[in-house]
Amino acid sequence: MADRSRHLIGLLLGAEEDWPQAFEALLQRVGPVTLDGTEHEFGSRRLTIEPFDLTDPVRVGLVIDRLAYWYYHPREWLKKAALMNGTYLLNSPFTFQAMEKHSAYCAMLRLGLKIPRTVLVPYKNPVDNVRWAYTSAKYNKGFDLDAIAEDLGYPLYMKPFDGGGWRGVSRINDKLDLHRAYDQSGEMLMHLQATIDYDKFARALSIGAETMVMDFRPDEPMHNRYAVSHNFLSPSAGHQTVAISRIVNAFFGWEFNSCEMLVAGDSVHPIDYANACPDVAVTSLHYYFPWAISALVKWSVFSLATGRRSSIDLRTERYFEIADDESLDYNAKIDGYLALADEHFETEKYHQWCGDHLGDFDARIRDWFAGPDFDRLLRQTVTTTYPANEHDQFFAHFKGLIDHWLADQAR
């Protein structure tokens with residue numbers, strides 16, 4: 001008789017209900033997985049927030065975190081679980097805290113990626129610290145905000161150095177916009193970032209060793225921002241967008257993250273790629289929602305069943321060695337970085353493992369999304385998201401897009 005190993009996945013959640021319910025339902029359809037004589041079973045539980053002793057045992061072996069980037073108490077619990085108990089975290093609270101958007105820009109500039117020119121400007125208003133007035137009076141150097149903006153060129157964007165859900169992001173078209181946005185920034189520390197003329201705004205969602213690049217339209221309403229569009233990039237740009245998203249994640253030790261890129265022809269410019277809680281709502285992802293949830297389930301069970309461990313040492317010097325190699329052009333460096341990323345994510349092993357142990361899981365996924373349980377989830381989500389007079393309209397909208405996905409999968 002095979003040994004048994006029971007794995008528990010913890011969900012650390014905020015206000016979301018749609019994708020957690022889908023995740024829980026699909027995880028139940030994984031079934032036992034036998035590997036090297038051991039039968040692995042998987043379950044999940046939603047984590048609660050309460051006092052904890054630093055030596056308390058932790059039952060869950062892996063945590064999918066959607067809260068700790070915003071809420072310090074669970075963030076510190078995650079650190080304790082990782083350091084004391086070896087709990088596997090898809091996104092490291094250590095690197096997300098240290099490598100906010102500003103540090104992430106710097107690191108990827110160091111690798112030679114095409115980040116638009118970015119300038120960090122001092123606070124508009126003094127920080128709430130009694131020592132600041134003296135320091136500011138003695139050491140703060142005056143600067144010409146208009147001159148910086150003129151040098152970057154209009155239009156440009158002003159956004160907080162640490163980012164977060166489009167908070168404080170402003171498109172700056174002229175001097176009036178510039179001073180209005182800076183005056184409103186208060187105690188937020190802001191970047192000014194140049195923009196470029198682009199053909200496509202690509203948003204790549206990476207979950208472990210899988211990446212989906214989507215045609216993103218930021219000016220559309222949320223339910224219509226992700227276009228169902230295939231082959232919307234050139235082969236070169238498509239390769240770069242997948243590679244850059246995965247390179248970013250491997251470099252920082254992130255496994256559940258989105259990367260936004262402006263694409264002009266074959267030139268790809270990352271603009272935002274430190275997203276601790278990437279969008280996975282059915283009401284925005286729609287067509288791509290089944291892929292996202294199935295990838296999240298697959299990566300979680302793969303990581304637990306194979307005993308994957310979080311990496312404390314990120315070994316970033318290996319990336320810098322490629323960056324500093326003058327014999328390599330840009331494309332060769334991207335391929336070199338991608339090889340390191342695929343090594344980090346065990347990409348080949350992951351896909352082989354899924355083929356060997358989850359052979360009929362994709363069919364189970366299709367059956368669930370075609371069945372009444374998903375319809376109930378979608379109806380519940382639409383009912384709690386939109387006004388009553390729009391329920392039928394949006395249910396039909398999202399159901400039609402999921403049916404489109406099902407039809408594509410059948411082909």
Side-chain angles (χ1 to χ4, degrees), residues 18 101 105 114-118 149 152-182 184-185 188 190-206 211-234 237-238 240-241 244-245 257-275 277-289 291-292 381-382 385-387 390 393-394 396-398 400-402 404-405:
D18 53 353
K101 284 178 169 54
Y105 284 150
K114 300 174 183 179
I115 312 299
R117 280 191 62 207
T118 305
L152 288 171
Y154 293 105
L156 54 90
Y157 283 86
M158 183 181 294
K159 48 190 178 180
F161 86 106
D162 54 350
W166 294 71
R167 168 182 57 90
V169 176
S170 301
R171 179 181 170 91
I172 308 299
N173 295 305
D174 50 35
K175 288 185 178 181
L176 184 63
D177 287 346
L178 176 71
H179 287 277
R180 181 188 300 114
Y182 188 54
Q184 292 174 352
S185 67
M188 290 189 292
M190 306 299 280
H191 278 141
L192 295 181
Q193 187 171 76
T195 190
I196 60 169
D197 293 328
Y198 63 91
D199 305 315
K200 288 291 183 179
F201 191 128
R203 190 168 196 169
L205 177 60
S206 283
T211 300
M212 180 67 71
V213 180
M214 296 165 283
D215 186 353
F216 191 65
R217 301 172 297 191
D219 295 330
E220 291 285 328
M222 182 58 75
H223 70 273
N224 205 34
R225 286 187 183 175
Y226 292 93
V228 180
S229 177
H230 308 301
N231 301 316
F232 65 95
L233 300 175
S234 71
Q240 290 178 62
T241 53
I244 288 170
S245 183
N257 186 42
S258 63
C259 179
E260 296 176 356
M261 294 160 276
L262 304 180
V263 182
D266 288 339
S267 188
V268 178
H269 303 262
I271 60 167
D272 184 1
Y273 45 87
N275 296 294
C277 298
D279 180 16
V280 286
V282 66
T283 51
S284 51
L285 286 190
H286 46 74
Y287 178 91
Y288 300 101
F289 181 74
W291 166 82
T381 303
V382 167
T385 304
Y386 299 101
E390 297 179 353
Q393 169 195 343
F394 278 107
H397 174 75
F398 296 122
L401 287 163
I402 295 297
H404 185 180
W405 176 81

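Numbers here are sequence positions counted from 1. Just the heavy atoms: all of them, side chains too, but no hydrogens, waters or symmetry mates, feed the values below.
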Donor-acceptor pair, [X] side chain versus [Y] backbone, under 3.5 Å?
| X | Y | answer |
| --- | --- | --- |
| D174 | L176 | yes |
| H269 | P116 | no |
| D199 | G265 | yes |
| D18 | V282 | yes |
| N231 | L233 | no |
| T385 | T381 | yes |

### Query
Would you call E260 and R203 a salt bridge, using N to O less than 4.0 angstrom?
yes
### Query
Could D272 and K101 be called an ion pair, given the rule that one side-chain N must be under 4.0 Å from one carboxylate O?
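Yes, this pair counts.
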Between [X] and [Y], is the ring centre distance below 6.0 Å?
| X | Y | result |
| --- | --- | --- |
| F394 | H223 | yes |
| F216 | Y226 | yes |
| Y105 | H191 | yes |

### Task
Would you please say whether a donor-acceptor pair under 3.5 Å links the side chains of S284 and H286?
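Absent: no donor and acceptor within the cut-off.
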### Message
When you compare the side chains of S234 and D266, does any donor N or O come within less than 3.5 Å of an acceptor on the partner?
### Response
yes
### Stepwise side-chain contact (heavy atoms from CB on, under 4.5 Å) test for T118 and L192
CA-CA 6 Å; T118 305; L192 295 181; over 6 Å; no
### Query
What are the two closest heavy atoms between V382 and F398, and how far apart are they?
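Closest pair (atom of V382, atom of F398, distance): CG2-CD1, 4.0 Å.
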### Evaluation steps, side-chain contact (heavy atoms from CB on, under 4.5 Å), between L205 and V280
CA-CA 9 Å; L205 177 60; V280 286; 4.0 Å; yes
### Message
Is there a side-chain contact (heavy atoms from CB on, under 4.5 Å) between L156 and Q193? Walk through the geometry before answering.
### Response
CA-CA 6 Å; L156 54 90; Q193 187 171 76; over 6 Å; no
Measure the [atom1]-[atom2] distance between [X] and [Y] for me, rounded to the nearest 0.5 Å.
| X | Y | atom1 | atom2 | value |
| --- | --- | --- | --- | --- |
| S258 | N275 | OG | CG | 3.5 Å |
| M214 | D279 | CE | CG | 8.0 Å |
| M261 | K114 | CE | NZ | 13.0 Å |
| I271 | I115 | CD1 | CD1 | 9.5 Å |
| N224 | T283 | CG | OG1 | 12.5 Å |
| S170 | R180 | OG | CZ | 9.0 Å |

### Task
May I ask you to test the K200-F232 pair for a side-chain heavy-atom distance under 4.5 Å?
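Yes. Closest side-chain heavy atoms under 4.5 Å.
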### Task
I would like to know whether Y154 and D177 meet side-chain contact (heavy atoms from CB on, under 4.5 Å); could you show each step before the answer?
CA-CA 10 Å; Y154 293 105; D177 287 346; over 6 Å; no
